[in-house]
Q: 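Pasting in a structure now, in structure tokens, and then I'll have a few things to ask.
We count ligands from 1, going down the list as the structure has it; atoms in each ligand are counted the same way.
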Amino acid sequence: MKTRIFSKKSIALLALAVGLVQFASAQRKDGIERPNFILIFTDDQGYGDLGTYGNPTIKTPNIDRLALEGQKWTNFYVAANVCTPSRAGLLTGRLPIRSGMQGEKKRVLFPDSKGGLPSSEITIAALLKQKGYHTGIIGKWHLGSQPQFLPTKHGFDYYYGIPYSNDMDRVDSIPYVKAITEPKNEYFQVPLLRNEEVIEKPAIQNTLTERYTKEAVAFIAKNKGEPFFLYLAHSMPHVPLFANDKFKGKSARGIYGDVIEEIDWSVGEIVEALKKQGLDKNTYVVFVSDNGPWKIFKELGGSSGPLYGAKGNSYEGGVRVPAIFWGPERVKPGQVTEIGSTLDVLATFAHLAHANLPKDRVYDGYDLTPVLSGKEQKSPREEMFYYHASQLVAVRKGAFKLSFYSNSEFAYPDQLSKTEQPKLFNLNEDIGEANDIAEKYPELVKELIKLAEDHSKTVVPVISQLDIP
Ligand code: MG
């Protein structure tokens, strides 16, 4: 007599369970290959602070290798010249003026700010999550520290980091200059969060880069089986500068160099983790800075290299940043001198992840995939609009930049002044914006004024989140 091990009912239940698992798996993967993305974003690091961009002193072998094996962009712009609006532009693919993430009274969000990235905005994380991505942010957020604005409310499954800049929440009794020039952890009360909970206060800043890196490596290991998006937004080299003991005093460039060399170590650890997990051929790594160097802090601020200007203004040094795209067998190695922007990251990742952009809003980004893959040499982006808070201060098309305003080289916190006549620069021939050629090319000036006017017509005023009292 045959023994029936499984009843008909249990076999049917088993079949149903297998079917459900297969269905779920098909739903998750839908047969389309989706690459991983790691977006490394440094804070206030200048155009001239990496070996591959010409720094003669700071050693960045890991970042230099990314540039050698991937694409190094030399005309790449952030969406704004300070932290909050720059980050809003990066994560939404929209100029900050469209989301209200710029301010006239306040240039960035502060710990007591009531505003933040509106819930109607769709971040890269939220967009990729719809396609089954696991999403994490490790590092600085700075798009709203009230509970309703935290990363976990904006598409991120996981958050480990500080909610705003590392120089905020200063202890009242310590003067700002002393806190920056002779920093100690206890001079600041910046919290460290895991998801929505404060796990450390004040954040111990000299081990932050190391801990961010460990978190990033753990995130990669944990999510290796599914597509993931990791946004690693370093708190440094924004002042106050803190480096781990292993790096402190090691660089010839002083503490600023120590901090950059520790970030370079971090990049090496991440690439190593990708290789160890067998993910290096299926992952794009992008390395960018959020704005130019904070030069008013002299040797504690970085270098713009050959560019004029710094954080806080919209000369090239304030907004043109190092940008490296790495992806073995996906990104064609080389130097790209075409124009690109952090505003393009969302459209590019969306294309690579087979995600459609919503049609109900204006996007300011372009899909850079054809250039990354080497299919095209010409960037889809030919122009750039330079904002200072809510003011359109300059416009670029091709090699030519027309500036309507001027301020001092260090600018921040100086006021802007409108120039009597707009100034025209050929950035290919005059990278330092030193020779105004407006008189020589009146037709070009007219064309660029028209470009600025046409652009301004697309901007619908919204409430400034930064200026909410
Ligand atoms: Mg910054």
Q: Output the distance between atom CD (Glu316) and atom NZ (Lys401), rounded to the nearest 0.5 Å.
A: 4.0 Å

Q: Taking the six-membered ring for Trp, are Phe349 and Phe229 parallel (under 30°), tilted (30 to 60°) or perpendicular (over 60°)?
A: perpendicular

Q: Could you label the plane-to-plane angle of the Tyr53 and Tyr47 rings as parallel, tilted or perpendicular, counting under 30° as parallel and over 60° as perpendicular?
A: perpendicular

Q: Can you check side chain to side chain donor-acceptor pair (under 3.5 Å) on His238 and Asp43, steps first, answer last?
A: CA-CA 5 Å; His238 191 295; Asp43 198 348; 4.7 Å; no

Q: May I ask you to list the protein N, O or S atoms found at less than 2.8 Å from the Mg ion (ligand 1)?
A: Asp43 OD1, Asp44 OD1, Cys83 SG, Asp290 OD1, Asp290 OD2, Asn291 OD1

Q: Output, in order, the C-alpha distance, side-chain angles, deciding distance and verdict of side chain to side chain contact (heavy atoms under 4.5 Å, CB included) for Phe404 and Gln391.
A: CA-CA 10 Å; Phe404 307 109; Gln391 194 68 47; over 6 Å; no

Q: Between His234 and Tyr212, how do the two ring planes meet: parallel, tilted or perpendicular, split at 30° and 60°?
A: tilted

